[in-house]
Number of protein chains: 2
Amino acid sequence: MNATAEPRKESVSCPMDFILRMLMGPWTTYILYNLKTHGSQRFGELKRRVSGVSAKMLTERLRTLEGAGLVRRDYEATIPPKVTYSLTERGHELDDVMGRLAEIGMRWEAEDAALRSLRAVELKAAE
Amino acid sequence: MNATAEPRKESVSCPMDFILRMLMGPWTTYILYNLKTHGSQRFGELKRRVSGVSAKMLTERLRTLEGAGLVRRDYEATIPPKVTYSLTERGHELDDVMGRLAEIGMRWEAEDAALRSLRAVELKAAE
DNA sequence: ACCAGTAGGTACCAATTCGTAACTTAGAGG
DNA sequence: CCTCTAAGTTACGAATTGGTACCTACTGGT
C-alpha cells in the first residue's frame, strides 16, 4: 500500500485489490460457481447457465480469467468448433475462500432479514 | 450487473456476489485495510492515507460500508465537525477471509514473477 | 435454398461511473 | 471583516462499460 501521491491506476500494490478486482468483475462469481459445481463446460452451455450474460461479456471474462490462470480453455478445431472451459488448479485454490465468503454473505443476509422483520413487528406493536 | 430487465435478481442471488460487490468497490479494500491497521480515524486522516481518493468517492464508499454494517460512523457536531470512522464487529468478521485473500494474491504474484523471469532466462539462453 | 447452432469478433450507442470544481455551516485566528 | 478548517454536498462533464446488432466460417436439417 504505497503512500505517496501517485496516479494509483497501475501502481497496483494491494494484492487483495488485484484478486478482488478479478473475482468481482461483472459475472465472474457466477462463472466460477458454475465451473466449480458443474465442472468442465462448453461455451454455449456456460452461457445458458449464467443466464443473462451476453456472449461478449462471457468471452471477455473468460479470457481475463484464463489470463490470470484461473480457467483453462481447450480449443478443438473440429468443424463446429468445440471450446471447453474448466477451472485450473489455481482456480480451485479459491474454493475455500469463496466458500467462507458465501457463508458470511448468507449469514449476514439472514441476520439482516431477522432485524428487518423484528423492526416490522415493533412498528406494528407501536400503532 | 445491470439495467435491462433481468430475470436473474432473485432467482440465483449468489451471496458471494453481494459481498464481493461490496468489498471490491473502487477504494474499498484500501479503506478497510486502513481502518483495520490504523484503527478508528477521522475523515481527513483516512483521506490522506488512502491517497488519491476524492472526497466524494470516500464519502460514498464509507456510506455504503456503513449501510452494510461494516463501518461505524461517529459524528460530533462540534464546530469544525468531527467525524470518526471505525470497523464494526461485522467488519472484523472479514479479517480472516481478507487475510487469506491477501496471502493467495501475494503467492500468485510471486509465482507469476518467478515464471516470467524463468521465461526471460530461457529466452536469453535460446539466443 | 434457408435456417439454426458453434465460438466468437467488431462497431456503435446508451448508461453508468468517477473526478473536478464550487458551494455549505459555523467558529477560531489574524 | 476576511479567511481558514472539517466534512461533506451538488452540478457538470469526460471516460469507461456493457448491451445490441451484425459479421465470420462451416455443417446438418428440412
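Note that the structure is predicted; figures quoted are calculated from it, not measured. Here is how names work: the chains are called A, B, and so on, in the same order as the sequence lines, proteins then strands, and each is numbered from 1.
The A:K56 side chain lies nearest to C:dC12 when the options are D:dA6, C:dC12, D:dG8. Distances from the side chain of B:P81 to the nucleotides D:dG18, D:dG19, D:dA6 place D:dA6 closest. Comparing atom distances between the A:F43 side chain and each of C:dG8, D:dA6, D:dA7 picks out C:dG8 as nearest.
One finds a side-chain N or O of A:R42 lying less than 4.0 angstrom from the OP1 or OP2 phosphate oxygen of C:dA7. Side-chain N/O atoms of A:R73 include one lying less than 4.0 angstrom from OP1 or OP2 on C:dG8. Note on A:R63: a side-chain N or O is less than 4.0 Å away from OP1 or OP2 of C:dG8. OP1 or OP2 of C:dA7 has not a single side-chain nitrogen or oxygen of A:R48 nearer than 4.0 Å. OP1 or OP2 of D:dG19 has at least one side-chain nitrogen or oxygen of A:W27 nearer than 4.0 Å. In this model, the phosphate group of D:dG8 is approached by a side-chain N or O of B:Y85 to a distance below 4.0 Å at OP1 or OP2.
At whole-Å resolution of the value, CG in B:L58 and P in D:dG8 are 8 Å apart. Between B:K47 atom NZ and D:dG8 atom P there is a gap of 12 Å when expressed in whole angstrom units. As rounded to whole Å, 16 Å separates atom C1' of C:dG27 from atom CD of B:E76. In this entry the distance linking NZ of B:K82 with C1' of D:dG8 reads 17 Å, nearest Å. Regarding A:M57, its CE atom lies at a distance of 15 Å from the P atom of D:dT16, rounded to whole Å. Computed from coordinates, the B:L62 CG to D:dA7 P distance equals 11 Å when rounded to whole Å. Note: OH (B:Y75) to P (D:dT9) measures 10 Å, nearest angstrom. Regarding B:L46, its CG atom lies at a distance of 14 Å from the C1' atom of D:dG8, rounded to whole Å.
In this structure the side chain of A:Q41 never reaches within 4.5 angstrom of the side chain of A:S86, judged on heavy atoms. Between B:R73 and B:R63 there is a side-chain heavy-atom pair separated by less than 4.5 Å. No side-chain heavy atom of B:M24 sits less than 4.5 Å from a side-chain heavy atom of A:L23. Taking the side chain as every heavy atom from C-beta outward, A:M98 and A:K36 never approach each other to under 4.5 Å.
For A:V53 and A:P80, each mapped to the nucleotide of DNA chain D holding its nearest heavy atom, the one lying further toward the 5' end belongs to A:V53. With the nearest nucleotide of DNA chain C identified for both A:T59 and B:E60, A:T59 has the one nearer the 5' end.
Checked by atom type, the side-chain pair B:D17/A:T29 shows a donor-acceptor distance below 3.5 Å.
A salt bridge does not link B:E60 to B:K56: none of the charged side-chain nitrogens sits closer than 4.0 Å to a carboxylate oxygen. Remark: B:R90 engages A:D112 in a salt bridge, criterion side-chain N to carboxylate O under 4.0 Å.
Each end of the helix from C:dA1-D:dT30 to C:dG30-D:dC1 gets its own rotation axis from five pairs of C1' atoms, and the angle between them is 30° to the nearest 10 degrees.
Taking both residues in full, the closest heavy atoms of A:V53 and A:K47 are given as O-NZ, 3.3 Å, listed atom of the first, atom of the second, then distance.
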